[in-house]
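In this text, all values refer to a predicted model and were calculated from it rather than measured experimentally. Numbers restart at 1 for each chain; the letters A, B, ... are given by sequence-line order, proteins then strands.
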Protein chains: 2
Amino acid sequence: MGLYPYDPNHMKKGTEALDWPNLTAIQPVAGLIPEALRLVTKRQDAGTRERIFRIGDSVRNVYLVISGEARLIRLDRRGKEVILQRSRGGFIAEASLDSRNYHCDAIAAEPTTLLLCPAAAFRQALERVPAFSKAWQSQLAGVVRKLRAQCERLSLHSAADRITHYIEAEGTDGVVTLRQTRMAWAAELGLTHEALYRTLRLMREEGFLEIDGNRICAKA
Amino acid sequence: MGLYPYDPNHMKKGTEALDWPNLTAIQPVAGLIPEALRLVTKRQDAGTRERIFRIGDSVRNVYLVISGEARLIRLDRRGKEVILQRSRGGFIAEASLDSRNYHCDAIAAEPTTLLLCPAAAFRQALERVPAFSKAWQSQLAGVVRKLRAQCERLSLHSAADRITHYIEAEGTDGVVTLRQTRMAWAAELGLTHEALYRTLRLMREEGFLEIDGNRICAKA
DNA sequence: CGTACTTTTGAATCGCATCAAATCTGGTGG
DNA sequence: CCACCAGATTTGATGCGATTCAAAAGTACG
């Protein structure tokens with residue numbers, strides 16, 4: 001796991017200089033990270049299935065995914081992995097800033113590059129820079145809305161309803177492009193992967209869906 | 001629906017003067033509402049099933065439940081009511097502050113008293129009072145954690161597992177006291193009420209639960 | 001080129017949703 | 001005070017749909 005200071009002059013071989021201005025494209029609030037916070041931000045690379053932090057660890061950093069995918073996971077009683085959050089570009093575990101310790105594990109789902117903003121500096125930036133604070137509140141509000149939609153979806157009783165709801169909530173004009181395997185999608189929908197595959201086939205056969213690889217389009 | 005200015009001098013007959021200091025007991029952040037915001041805050045009473053705001057309405061107020069219960073609800077395709085949030089004391093629809101329009105309906109589940117903080121004044125207070133802003137961020141982070149726990153719970157496949165998870169997450173030392181009907185609890189657990197009743201009976205008969213009215217205690 | 005993981009389908013089982021109905025409860029008005 | 005009503009609670013019977021177990025084919029990656 002590589003860990004480097006942000007300062008391009010200190011970059012080790014094989015790491016690219018970070019393009020701060022473009023963080024705005026990743027997530028609006030990321031573009032507003034103030035100078036003082038940038039200066040203490042580190043960069044970290046993590047390989048597939050590598051652990052970023054563990055449940056119980058004290059919260060030292062706020063993590064920002066700039067490429068790849070990071071996941072918050074927890075193990076249920078049977079030891080099965082439950083995905084609590086997936087981030088492909090943007091912050092992860094936003095709510096941890098408010099805790100002393102992490103409530104779940106974070107892993108890289110593929111080779112992933114992260115920025116590590118020290119939590120203390122992050123809190124200080126929130127206190128001192130109103131625009132940043134405001135944007136962070138919007139960020140949190142967005143997470144809340146997204147989670148409410150997911151709860152609403154998970155409370156639907158049929159696989160087909162959850163798929164339709166997902167397309168409506170996450171897609172545009174009835175079209176959604178998946179950025180994950182179907183196994184992971186199934187878990188996000190609260191289904192077994194077998195149930196998802198079967199329901200997708202049925203919905204396609206009955207003309208409700210058009211499926212082309214990761215592009216899924218609702219028809220009726 | 002009664003609507004009164006907060007100022008006790010202007011209180012109409014039948015309304016009590018509000019006890020601001022004690023709002024801290026309702027929710028930490030509520031105790032930090034700054035003077036300027038208090039002065040423009042109104043009070044409102046709503047009867048059972050009365051609508052507080054509607055989906056699509058422009059966001060004019062932030063609502064704080066001081067007695068009774070308010071719910072955020074949405075109707076699924078079949079017209080069945082889905083509960084997105086229940087508040088018995090504390091803010092409701094926190095994320096709406098960041099939107100122009102409401103994304104769901106809010107109703108009173110029983111006779112309920114609310115405080116209405118004008119959204120513009122609320123945003124201004126967040127900008128001007130750092131302590132309030134910080135507390136609001138904690139509040140949002142708490143909502144995020146709660147919602148993640150609910151998503152985790154809803155992704156469990158068996159009724160018994162969801163009940164156990166609920167007791168662990170919402171209760172203390174394996175004991176939880178319900179503050180809602182079992183029908184509403186069933187909906188929150190993503191189950192039909194019949195499934196909940198049956199599973200509760202089975203778990204009780206098998207010695208996993210002890211049930212005394214609304215007090216439910218996990219044994220094994 | 002082999003290994004690990006995903007995708008896909010099959011068959012059997014089980015649990016939950018659904019429909020139905022009886023009892024219980026709290027609140028309303030006569 | 002009691003009759004009544006709406007909604008909550010509880011149990012029964014039935015069927016469907018999702019889980020579970022199993023296995024084959026496809027795919028990515030070193």
Rounded to whole Å, please give me the gap between CD in A:Gln180 and C1' in C:dC5.
16 Å
Among residues 193-212 of chain B, which residues get a heavy atom nearer than 4.0 Å to DNA chain D?
B:His193, B:Glu194, B:Tyr197, B:Arg198, B:Arg201
Quick one: do A:Glu194 and A:Arg198 make a salt bridge, cutoff under 4.0 Å?
no
Five pairs per end, C1' atoms only: what is the angle between the end axes of the helix from C:dC1-D:dG30 to C:dG30-D:dC1, to 10 degrees?
50°
Between A:Arg182 (side chain only) and A:Leu196 (backbone N and O only), is there a donor and an acceptor less than 3.5 Å apart?
no
Atom CG of A:Leu191 to atom C1' of C:dT7: distance rounded to whole Å?
16 Å
I'd like to check B:Glu94 versus B:Val62 (side-chain heavy atoms, cut-off strictly below 4.5 Å). Are they in contact?
no
Could you check how far CD of A:Glu110 sits from C1' of C:dA4, rounded to whole Å?
17 Å
Quickly work out the A:Arg182 CZ to D:dA28 P distance and round it to whole Å.
13 Å
Between A:Asn214 and A:Thr177, do the side chains contain an N or O donor and an N or O acceptor separated by less than 3.5 Å?
no
Every protein N/O lying under 3.5 Å from an N/O of nucleotides 5-7 of chain D:
none

Counterpart residues, ring pair (Phe, Tyr, Trp, His ring centres under 6.0 Å), relative to A:Phe53 (two or more places apart)
A:Tyr63, A:Tyr102
State, with a plain yes or no, whether a side-chain heavy atom of B:Gln85 is found less than 4.5 Å away from one of B:Lys146.
no
Side chains of A:Glu188 and A:Gln180: donor-acceptor distance under 3.5 Å anywhere?
yes
Tell me yes or no: between the side chains of A:Gln150 and B:Gln150, is some donor less than 3.5 Å from an acceptor?
no
Taking A:His157's backbone N and O only, do any of them form a donor-acceptor pair with A:Arg162's side chain (distance below 3.5 Å, no angle check)?
no
Pick one: which of A:Arg71, A:Arg49, A:Arg88 meets side-chain hydrogen bond (donor to acceptor under 3.5 Å, both in side chains) with A:Glu110?
A:Arg88
is_close_aromatic(A:Trp185, A:Tyr197), centroid dist under 6.0 Å:
no
Determine, stepwise, if the pair A:Asp98 / B:Arg145 fulfils salt bridge (Lys or Arg N to Asp or Glu O under 4.0 Å).
CA-CA 10 Å; A:Asp98 193 57; B:Arg145 268 193 296 275; 3.2 Å; yes
Residues in contact with DNA chain D, drawn from residues 67-77 of chain A - heavy-atom cutoff 4.0 Å
none
Which residues in residues 149-171 of chain A have at least one heavy atom lying under 4.0 Å from any atom of DNA chain C?
A:His157
For B:Arg74, does its backbone N or O pair with a side-chain atom of B:Glu81 as donor and acceptor, under 3.5 Å?
no
From CG of A:Asn214 across to P of D:dT27 the rounded distance in Å is 13 Å
Expected output: side-chain B:Ser158 to main-chain B:Asp161 donor-acceptor under 3.5 Å
yes
A:Ser58 and A:Asn101 side chains, donor-acceptor separation under 3.5 Å
no
